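I have placed the structure first, in the form of structure tokens, so that the comments after it can refer back to it.
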Amino acid sequence: MKRKDTVKLISTDEMEFVIDKDAAMVSQTIRNMLTSPGPIDNWVFLGGFAETELGEVTFPEISAVILEKICQYFYWALQYSRGKETEFHIEPELTLELMMAANYLHT
């Protein structure tokens with residue numbers, strides 16, 4: 001798989017998760033980060049955002065445990081959207097943190 005086809009998600013504890021770009025695009029927030037053209041100053045394009053340029057997104061407030069579960073959810077959501085209906089299990093002790101992360105990621 002080419003680097004263009006993947007995205008690196010980095011947790012607060014610096015764990016890296018390389019996932020398919022299609023899976024990452026399940027999140028509206030990540031989609032916006034990866035597809036935004038970058039800032040414009042006085043109608044002059046200043047270059048793309050680091051996330052767009054590097055294909056990686058750092059989440060300073062999401063732990064590796066939560067980010068791993070989020071990555072699993074992204075793949076599950078892709079399968080679900082393609083007609084494969086399976087259950088997505090969430091451990092009760094992760095529920096609150098996952099809800100906060102999902103709210104931020106718009107998933």
Side-chain angles (χ1 to χ4, degrees):
M1 189 171 294
K2 297 177 188 170
R3 183 179 163 99
K4 281 176 71 171
D5 299 333
T6 61
V7 175
K8 184 187 298 183
L9 306 180
I10 306 168
S11 68
T12 189
D13 33 0
E14 299 180 5
M15 290 290 296
E16 298 178 353
F17 299 88
V18 178
I19 64 171
D20 296 332
K21 192 171 186 177
D22 289 342
M25 295 297 196
V26 167
S27 163
Q28 188 62 48
T29 301
I30 294 174
R31 179 191 316 257
N32 290 342
M33 289 176 172
L34 295 175
T35 60
S36 294
I40 297 176
D41 184 33
N42 294 330
W43 301 99
V44 177
F45 179 66
L46 298 176
F49 288 110
E51 292 86 355
T52 306
E53 299 287 324
L54 301 174
E56 61 184 55
V57 181
T58 301
F59 297 101
E61 300 199 12
I62 300 178
S63 70
V65 171
I66 298 301
L67 192 54
E68 179 179 24
K69 196 66 171 180
I70 288 167
C71 291
Q72 292 171 3
Y73 172 78
F74 290 162
Y75 283 104
W76 176 87
L78 275 181
Q79 294 294 322
Y80 187 84
S81 71
R82 295 175 181 157
K84 184 176 181 184
E85 295 186 26
T86 60
E87 191 172 311
F88 184 74
H89 178 72
I90 298 173
E91 295 80 5
E93 62 273 12
L94 301 180
T95 304
L96 181 59
E97 282 186 84
L98 275 172
M99 286 176 52
M100 291 188 310
N103 184 50
Y104 171 72
L105 295 171
H106 294 104
T107 55

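Not measured: the values here are computed from a predicted model.
Taking OG1 of Thr95 as the reference point, atom CD1 of Ile90 lies at 6.0 Å (rounded to 0.5 Å). Summarising the geometry, atom NE2 belonging to His106 is positioned 12.5 Å from atom CZ belonging to Arg31; distances are rounded to the nearest 0.5 Å. Here the CD atom belonging to Gln72 is positioned 10.5 Å from the CG atom belonging to Leu67, to the nearest 0.5 angstrom.
The two residues Ala64 and Phe17 make their nearest non-hydrogen contact at O-CZ, 3.5 Å. Between Cys71 and Leu9, the shortest heavy-atom distance links the atoms SG-CD1, 3.8 Å. Heavy atoms only, all atoms of each residue included: Val26 and Ala77 are closest at CG1-CB, 3.9 Å. The two atoms that bring Ile62 and Ala101 nearest to each other are CD1-CB, 4.1 Å, heavy atoms only. The shortest non-hydrogen separation linking Ser27 to Leu105 is OG-O, 2.7 Å.
At distances below 3.5 Å, not a single donor-acceptor pair connects side-chain atoms of Trp76 with backbone N or O atoms of His89.
Taking a 6.0 Å sphere around CD of Glu61, one finds it holds 12 or fewer heavy atoms contributed by other residues, nucleotides or ligands. More than 12 heavy atoms of other residues, nucleotides or ligands lie within 6.0 Å of CE in Met100, so this atom counts as buried by the packing criterion. Within a 6.0 Å radius of CD in Glu93, other residues, nucleotides and ligands contribute more than 12 heavy atoms.
Between Phe88 and Tyr73, the ring planes are perpendicular. Angles over 60° get that label, and only those under 30° would be called parallel.
Ile10 and Met15 fall into different hydrophobic clusters, where Ile, Leu, Val, Met, Phe, Trp and Tyr are joined by side-chain heavy atoms under 4.5 Å apart, directly or via other members. Placement of Phe59 and Val18 in two distinct hydrophobic clusters is found when ILVMFWY residues are connected by side-chain heavy-atom separations under 4.5 Å, directly or transitively. When hydrophobic clusters are built by joining Ile, Leu, Val, Met, Phe, Trp and Tyr residues whose side-chain heavy atoms come closer than 4.5 Å, directly or via intermediates, Tyr104 is grouped together with Ile30.
Leu98 is listed as a side-chain neighbour of Lys69, based on a closest heavy-atom distance under 4.5 Å. Leu78 is not listed as a side-chain neighbour of Phe74, based on a closest heavy-atom distance of 4.5 Å or more. Val7 has its side chain out of reach of Met25: every pair of non-hydrogen atoms, C-beta onward, lies at least 4.5 Å apart. Counting only heavy atoms from C-beta outward, the side chains of Asp5 and Lys21 never approach each other to under 4.5 Å.
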Stepwise side-chain contact (heavy atoms from CB on, under 4.5 Å) test for Thr29 and Met33: CA-CA 6 Å; Thr29 301; Met33 289 176 172; 3.9 Å; yes

